[in-house]
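Contents: one structure, followed by commentary.
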Amino acid sequence: MKVCKFGGSSVADAAQINKVLKIVLDDPQRRIVVVSAPGKRDKNDVKVTDLLISIAEKALAGEDAGAAIDAVAARYGDIAAGLGIGDDVAAAVRKELQSRAAADKSSPGVFTDALKAAGEDLCARLVAAAFAARGVKARYASPLDTGMMLSGEPGAAVLVPESYKRLARSFSDFEGIVVYPGFFGHRADGSIATFPRGGSDITGSILAAAVRADVYENFTDVDSVYAVDPRVVPEVTAEIRTITYREMRELSYAGFGVFSDEAVYPAVKARIPINIRNTNRPELPGTMIQQSRRVEPGHPIGIACDTGFCNIIVEKYLMNREVGFGRRLFQILESEGVSYEHSPSGIDSISVIVRARGMDNIKEKRIVARIKRELAADDVVVTHGYAILMVVGEGMLNYPGILARAAQALADAGINITMVNQGASQVSFMIGISADRKDDAIRALYAAYFKEGR
Ligand code: ASP
């Protein structure tokens with residue numbers, strides 16, 4: 001059996017959804033279909049999820065969200081009309097959104113999650129109806145009824161591991177095609193919780209693992225995964241045919257938008273290959289993400305760079321001899337609810353790199369003051385505008401000179417390196433640079449590793 005997930009651009013309008021129906025019907029193995037909310041129809045369009053977030057923001061601010069609700073209702077109405085499935089869809093969507101917007105606002109995060117989730121939920125219902133209108137045996141399945149139980153922060157929920165058993169049971173014997181909304185599940189109290197943005201990938205991966213699918217097909221709008229982001233290097237030709245789970249996880253982490261990084265894990269654990277494919281060109285094989293691949297020694301597979309980090313640099317003379325310094329530092333961050341990403345250290349200094357979105361001005365000041373006071377640090381500085389450049393590839397294992405090449409290419413481009421960190425696995429290394437040089441750095445490394453003659 002195959003679980004297939006269709007991203008926002010694949011369900012952006014009726015014409016795209018017709019492609020989805022055809023792709024699913026072309027292969028009887030495609031039995032579970034996970035959908036995102038309608039995404040952008042063109043560059044200047046707005047994703048339904050973003051419209052829903054703006055409805056939530058307006059409702060929370062006590063402003064009138066009527067126009068924004070109408071815009072979403074019209075979007076679904078147009079899609080339904082294009083698919084020939086009834087003319088009361090816009091009114092039903094409007095009613096549903098009005099009721100979600102009128103719900104309890106005592107927890108803004110939970111309230112916003114419920115609105116965000118409506119995008120996927122309404123889309124799954126529409127797609128199921130579109131199958132049915134074509135005489136296909138298909139039904140919508142809800143995350144609540146099938147046991148997609150989540151916990152954790154609104155907008156960043158995680159699966160409760162026991163869910164796998166319940167999901168497996170829910171899908172143990174079913175007929176026809178099931179259309180399932182991505183991106184959300186439910187907390188123990190029944191409230192809706194969403195995964196991070198792009199989280200429909202996670203839903204698909206979880207379902208593929210739960211039903212032990214033969215493959216998890218992830219349909220999007222690119223022919224394959226490329227060695228670098230084609231928006232930064234439009235001439236990129238290095239299509240990736242196969243990539244390992246850990247390579248993909250590292251590249252996704254560092255900003256490869258094509259597949260959500262958290263989505264790799266459920267499939268990896270269940271050893272289910274993931275196939276990234278193009279809804280607009282389903283005849284192409286796409287990219288396989290799998291346990292292992294044939295490796296070309298000495299060659300990275302991809303380069304990615306993500307911005308939005310800040311670096312907390314702590315200095316204290318004789319830090320290296322102070323037992324428990326690191327634990328106490330991380331305890332401060334823990335008590336402030338800040339998750340750390342990396343922590344390269346020197347003899348009398350340690351850097352803690354965190355995502356800037358987890359820090360606001362007030363929190364930052366408090367953390368700096370606490371580190372100074374509680375750890376008697378000599379100096380604490382927070383630098384912003386930090387980017388992490390990642391070079392990834394199984395072929396880098398035990399192969400000298402790859403980092404040297406990156407360092408030379410960055411030097412030639414006049415880009416200063418602020419940090420270098422290589423994980424124990426040796427399949428990646430990361431380089432800290434200034435965020436405003438991100439694209440230059442990607443281009444420089446692409447030229448160094450992938451241009452002909454290299
Ligand atoms: N619709 C959600 C988003 O835009 C989730 C997804 O598409 O995967 O982030």
Side-chain angles (χ1 to χ4, degrees), residues 5-12 34-41 43 45-58 60 68 72 75 97 100 107-124 143 148 150-159 180-187 191-207 218-222 225 229 231 248-267 274 276 304-309 337 339 341 354-360 387-388:
K5 178 252 164 180
F6 292 89
S9 58
S10 304
V11 290
V34 177
V35 291
S36 281
K40 292 184 179 191
R41 290 159 291 189
K43 249 189 18 241
D45 201 11
V46 184
K47 290 179 175 185
V48 162
T49 307
D50 290 316
L51 291 171
L52 293 168
I53 292 171
S54 74
I55 293 173
E57 285 168 353
K58 284 199 166 70
L60 284 168
V72 177
R75 191 90 199 260
L97 296 181
R100 292 191 191 215
S107 164
V110 173
F111 170 80
T112 303
D113 269 5
L115 266 159
K116 277 155 75 183
E120 272 63 14
D121 203 48
L122 295 163
C123 186
M148 182 72 77
L150 310 187
S151 63
E153 292 294 301
V158 289
L159 188 76
Y180 200 95
F183 194 35
F184 75 97
H186 292 262
R187 295 195 184 80
S191 63
I192 291 173
T194 64
F195 292 120
R197 292 298 302 269
S200 299
D201 286 348
I202 306 175
T203 306
S205 186
I206 290 168
L207 290 186
N218 193 287
F219 283 90
T220 172
D221 52 8
V222 292
V225 177
D229 186 340
R231 284 167 303 185
M248 193 65 212
R249 153 88 175 118
E250 306 227 8
L251 288 168
S252 300
Y253 169 82
F256 254 42
V258 69
F259 194 65
S260 141
D261 62 335
E262 283 184 40
V264 178
Y265 182 69
I274 303 163
I276 309 281
C305 188
D306 203 9
T307 55
F309 294 94
S339 167
E341 302 284 322
V354 303
R355 295 266 181 194
R357 62 167 182 259
M359 293 265 267
D360 55 47
I388 290 182

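Just the heavy atoms: all of them, side chains too, but no hydrogens, waters or symmetry mates, feed the values below. By convention here, the first residue in the shown sequence is residue 1. In this text the structure is predicted, and so the values were computed from the model without any measurement.
Between Arg187 and Asp113 a salt bridge is recorded (basic side-chain N to carboxylate O distance below 4.0 Å). We find that Asp50 and Lys40 are not joined by a salt bridge, their nearest charged nitrogen and carboxylate oxygen being 4.0 Å or further apart.
Going from atom OG1 of Thr307 over to atom CZ of Arg355 covers 8.5 Å, rounded to the nearest 0.5 Å. In this structure, CZ in Phe184 is found 12.5 Å from NZ in Lys116, a value given to the nearest 0.5 Å. One distance of note links OG1 of Thr203 with CG of Leu159; it measures 9.5 Å at 0.5 Å rounding. Atom CG in Asp306 sits 11.5 Å away from atom CZ in Phe256 (nearest 0.5 Å). A distance of 8.5 Å separates CE of Met248 from CD1 of Ile274, quoted to the nearest 0.5 Å. To the nearest 0.5 Å, the span separating OG on Ser205 from NZ on Lys5 amounts to 11.0 Å.
With hydrogens and angles disregarded, no donor-acceptor distance shorter than 3.5 Å links the side chain of Asp201 to the backbone of Ala263. Under a 3.5 Å cut-off, the side chain of Glu120 and the backbone N or O of Ala37 do form a donor-acceptor pair. With hydrogens and angles disregarded, a donor-acceptor distance shorter than 3.5 Å links the side chain of Ser252 to the backbone of Phe259. Between the side chain of Arg75 and the main chain of Ala12, a donor-acceptor pair closer than 3.5 Å is present.
Between Tyr253 and Phe309, the shortest heavy-atom contact is OH-CE2, 3.7 Å. Heavy-atom minimum distance, Pro38 versus Gly119: CD-O, 4.1 Å. Scanning both residues, Asp45 and Gly39, for their nearest heavy atoms gives OD2-O, 4.0 Å. Residues Val354 and Glu341 come closest through the heavy atom pair CA-CG, 4.1 Å. The minimum heavy-atom distance between Ser36 and Cys123, with the atom names listed, is O-SG, 3.3 Å. Across every non-hydrogen atom of Pro181 and Asp121, the tightest pair is CG-OD1, 3.6 Å.
Residues Ser151 and Val158 meet the side-chain proximity criterion, which asks for heavy atoms closer than 4.5 Å. In this structure, Ile53 and Arg197 have side chains that are in contact, with non-hydrogen atoms separated by less than 4.5 Å.
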Verify side-chain contact (heavy atoms from CB on, under 4.5 Å) between Ile192 and His186, making sure each step is shown before the conclusion.
-> CA-CA 5 Å; Ile192 291 173; His186 292 262; 3.5 Å; yes
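Note on ring orientation: taking the six-membered ring where Trp is involved, the planes of Phe219 and Phe6 are parallel (angle under 30°, cut-offs 30° and 60°).
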